[in-house]
Amino acid sequence: MKPLRIGNFSGFYGDRSDALREMLTGGEVDVLTGDYLAELTMLILARDRLKDPSAGYARTFPRQLEDCLGLAHERGVRIVTNAGGLNPAGLAGEIRRLADRLGIPVRVAHVEGDDLTAAYPGTLAAHAYLGGFGIAECLRAGADVVVTGRVTDAALVTGPAAAHFGWRPDDHDRLAGAVVAGHVLECGTQATGGNYAFFTEGDARRPGFPLAEIHADGSSVITKHPGTGGFVDVGTVTAQLLYETGGARYAGPDVTARLDTVRLGQEGPDRVRIEGVRGEAPPPTLKVGLNRLGGFRNEVVFVLTGLDIEAKAALVREQLSDALAKSPPGEVRWELVRTDRADADTEETASALLRLVVRDPDQQVVGRALSGAAVELALASYPGFHVLAPPGRGAPYGVFEDVYVPHVGATHRAGASDVDTDQVPTAHVSVSHTAVLHDGRRVPVPPPRETRPLAAVPDPPLPEPLPPGPARRAPLGLVVGARSGDKGGNANVGVWARSEDAWRWLAHTLTADTFRRLIPESRDLPVTRHLLPNLRAVNFVVEGILGAGVAAQARFDPQAKALGEWLRSRHLDIPEALL
């Protein structure tokens, strides 16, 4: 059977607007997927909905579609997107009006049932992560465009694959293969050289968007349209596979994919085959992402130039601490960033940055109290006093939390894991996964018949260590790649080796304790290491390093995007044979 060619044209809300046209005109494709949702995006859309109840979806998508809907229809390319966000029905309606205005006879369907906000008072948005079978139902009924709300990112691929090949919910291995392909595609050009540790080895100026050629057995080939920028190799695919994952079991609503079974192979230029993926029944619960208002935050960055940087920082800290003591914020955080150099030949490189962040439930406490105190220092503080920008009135920030609920309407204990949902319930939640077909029919999507509680996979045996030999101090990144990301308040850092000898060294050297030593802010946090020998990789999960999630902006890099690059810059004793 001919493979199904599924491409991606968006990895986030704000991605390249011309990517949809590029993917439609660049080569053969059957289905195009657009991923617009992330934890922070759901909060942004929730705030949009507060201002306008008809909002709540990605407003950029209809503008992209206006330019390309006719082209997609001519070429028989179906479009599947989660741009519906908090209001998939609203977006589906707008697309129908657009199609009518343009005179294009397309059939638009949507998926709903993920919105559980009413069951969680005090949240701005509470949404279950649905699987791909609602999408499959819409496509089987003939939809040309399918809009969803909060589904898993990989569901945008598993749904079309299940519809095309006729997969059933218990086809776990095939579904798991599609989940892995979907995970590679979901972040767009991150699979084709974007944000890649070894970006200097190819043309990363304007990477093309990725494609997956999915076969009936669940195997796939990751590639891109001919002539587009970037590159696809085992490294770029490995990097994306490790992004925002944890252990060997990668759980989803349709299937749990075993990442420790994934095998990658370079099939040719810009072609990487994924095969061998095994799947298991999904866990008995669905993840629900909760977004709520955490309070208000404000910040000011003082520029300290030239000599006596530490003394200047101490002075302004003391001055502002005295001023803020009259109405102390609930949280005060100072950070001195030493970007300065001695005897610098530009003022910028002679300067350091002192960052103050305050948080409090009361906007007044972080607003006028801070701005007034900071501005009053303009002529009364350290020599060369100035700030990057004056503080404002204080802005709201969000807090993300995930909880788990049964697949169908049943009692649950908010915050319970998938193995203890039988405890005393605190809420009654009904998840009604529903495909709303293009003709208006509503088709309930049943939960999986078989589930399996998650359990950690025992660590596989370590490879043989390298024989003793000379070593020298050097950056870790000379021999390994890394990619990092966020999941709520946790971060993951996937680290992979590009040769068998480097893997043998990595597996024995980069332990959880070594990670804590190299990343000091993780020293007092739980750090779990997972081994993935097939990928020659170790994946670290650092719990709590991001506080209450990206919207809370608890650290300098709130999504841990560069945590892996920081790790690669740290120095270790590395065998000379690897350098």
Side-chain angles (χ1 to χ4, degrees), residues 40 293-399 489 519-525 544-563 565-566 569-570:
L40 181 59
L293 184 65
F296 296 87
R297 72 183 295 279
N298 206 349
E299 72 173 84
V300 59
V301 180
F302 301 90
V303 183
L304 316 174
T305 304
L307 305 177
D308 305 317
I309 295 294
E310 299 285 347
K312 289 171 179 173
L315 173 60
V316 75
R317 286 189 63 163
E318 185 174 356
Q319 289 176 311
L320 265 183
S321 295
D322 289 344
L324 293 176
K326 300 172 185 176
S327 181
E331 181 184 345
V332 178
R333 179 172 177 171
W334 293 92
E335 188 171 12
L336 177 60
V337 184
R338 295 301 301 264
T339 53
D340 56 303
R341 296 202 304 259
D343 194 22
D345 56 7
T346 67
E347 185 173 334
E348 288 91 338
T349 55
S351 300
L353 302 176
L354 178 65
R355 182 171 178 248
L356 168 62
V357 177
V358 294
R359 290 184 177 83
D360 196 85
D362 187 344
Q363 186 175 18
Q364 292 292 329
V365 171
V366 302
R368 289 183 180 176
L370 174 65
S371 58
V375 170
E376 288 167 6
L377 294 180
L379 304 179
S381 190
Y382 59 88
F385 178 98
H386 66 287
V387 297
L388 290 183
R393 297 186 303 168
Y397 69 88
V399 171
I519 306 297
E521 66 179 300
S522 71
R523 286 178 181 171
D524 297 324
L525 299 174
I545 194 170
L546 303 180
V550 55
Q553 296 185 323
R555 67 189 295 272
F556 172 67
D557 175 17
Q559 289 182 279
K561 295 290 190 182
L563 187 57
E565 286 301 292
W566 178 22
S569 74
R570 299 307 308 270

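Only this structure's heavy atoms are used, side chains among them; waters, hydrogens and symmetry mates stay out.
Residues Trp566 and Asp557 fail the side-chain proximity criterion, which asks for heavy atoms closer than 4.5 Å. Counting heavy atoms from C-beta outward, Ser381 and Lys312 have side chains that stay 4.5 Å or more apart.
Residue-environment remark: CG (Asp322) exceeds the threshold of 12 foreign heavy atoms within 6.0 Å. Residue Arg368 qualifies as open at atom CZ: its count of foreign heavy atoms under 6.0 Å is 12 or below. Counted within 6.0 Å of CD on Glu335, heavy atoms from surrounding residues, nucleotides or ligands total more than 12; the atom is thus considered enclosed. The number of heavy atoms from other shown groups lying within 6.0 Å of CD (Glu331) is above 12. Remark: Arg393 CZ is loosely packed, at most 12 non-hydrogen atoms of other residues, nucleotides or ligands lying under 6.0 Å away.
Residue Leu304 holds its CG atom at 9.0 Å from NE2 of His386, rounded to the nearest 0.5 Å. For the atom pair OH (Tyr382) and OG1 (Thr305), the distance works out to 7.0 Å, reported to the nearest 0.5 Å.
By the side-chain contact (heavy atoms from CB on, under 4.5 Å) test, Val387 is found to be paired with Val300, Phe302, Phe385, residues two or more places apart in sequence or in another chain being considered.
Between the Asn298 side chain and the Gly392 main chain, a donor and an acceptor come within less than 3.5 Å of each other. At distances below 3.5 Å, at least one donor-acceptor pair connects side-chain atoms of Thr339 with backbone N or O atoms of Ser351. For the pair Gln319 (side chain) and Ala380 (backbone), a donor-acceptor distance under 3.5 Å is present. Panel note: side chain Gln363, backbone Phe296; no donor-acceptor pair is recorded below 3.5 Å.
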Quiz item: Does the side chain to side chain contact (heavy atoms under 4.5 Å, CB included) test come out yes or no for Leu353 and Val303, once each step is laid out?
Solution: CA-CA 5 Å; Leu353 302 176; Val303 183; 4.1 Å; yes

Practice problem: Begin from the C-alpha positions of Leu356 and Leu370 and carry the test side chain to side chain contact (heavy atoms under 4.5 Å, CB included) through to its verdict. | Solution: CA-CA 10 Å; Leu356 168 62; Leu370 174 65; 3.5 Å; yes

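Under a 4.0 Å N-O distance rule, the pair Arg297/Glu299 qualifies as a salt bridge.
Both cation-pi conditions hold for Arg359 and Tyr397: the charged atom is under 6.0 angstrom from the six-membered ring centre and inside a 45 degree cone around its axis.
Test Ile519, Asp524, Leu525 against Glu521 for side chain to side chain contact (heavy atoms under 4.5 Å, CB included) and you get one pass: Ile519.
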